[in-house]
Chemist: 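Right, I'll just put the structure down here and ask away after.
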Amino acid sequence: MGVPAVVFHKGGLAHYQVSINENGDFIAILQRYDGKPGSEPQKEVSFRNGEEGLVGNCSNSRLTNDLFNSVKNRLTIQAQ
């Protein structure tokens, strides 16, 4: 089960559902984007908080950081 995360992206709000998989990776799935058409963020973002910081499949590090900061306390508590 995931938790909702809302982050600001290119002038609009991006609504994601974020969960942690069995490997400890965060998986964020875009549910809705309230910004301009054509400015949508990546639909699926996966990332992990490694020794050298956040690493994942998204070239937009701000989006990854915002998603992680939005859910880190809520999801890490659920995963324990």
Chemist: Going by the angle between their ring planes, with limits at 30° and 60°, are F47 and F26 parallel, tilted or perpendicular?
Modeler: parallel
Chemist: Can you tell me how far CG of L54 sits from CZ of R48, rounded to the nearest 0.5 angstrom?
Modeler: 11.0 Å
Chemist: Is any side-chain heavy atom of V45 less than 4.5 Å from a side-chain heavy atom of N57?
Modeler: yes
Chemist: Taking the side chain as every heavy atom from C-beta outward, state whether L13 and R32 have any atom pair closer than 4.5 Å.
Modeler: no
Chemist: Applying the side chain to side chain contact (heavy atoms under 4.5 Å, CB included) criterion to V7, which one of V71, N69, L67 satisfies it?
Modeler: L67
Chemist: If we only count heavy atoms from C-beta on, is the P41 to Y16 side-chain gap below 4.5 Å?
Modeler: yes
Chemist: Does H9 reach the main-chain N or O of S39 with its side chain, forming a donor-acceptor pair under 3.5 Å?
Modeler: yes
Chemist: Between E52 and G50, is there a donor-acceptor pair closer than 3.5 Å when you use the side chain of the first and the backbone of the second?
Modeler: no
Chemist: Following the transitive rule for hydrophobic clusters with a side-chain heavy-atom cut-off under 4.5 Å over Ile, Leu, Val, Met, Phe, Trp and Tyr, establish whether V55 and I27 coincide in one cluster.
Modeler: no
Chemist: Which heavy atom of Q42 sits nearest to which heavy atom of L63, and what is that distance?
Modeler: N-CD2, 4.4 Å
Chemist: Does N23 reach the main-chain N or O of D25 with its side chain, forming a donor-acceptor pair under 3.5 Å?
Modeler: no
Chemist: If you measure from CD1 on I20 to NZ on K72, what distance do you get to the nearest 0.5 Å?
Modeler: 12.5 Å
Chemist: How long is the straight-line distance from OH of Y33 back to NZ of K43, given to the nearest 0.5 Å?
Modeler: 11.5 Å
Chemist: Minimum heavy-atom separation for R74 to V3, with atom names?
Modeler: NH1-CB, 4.0 Å
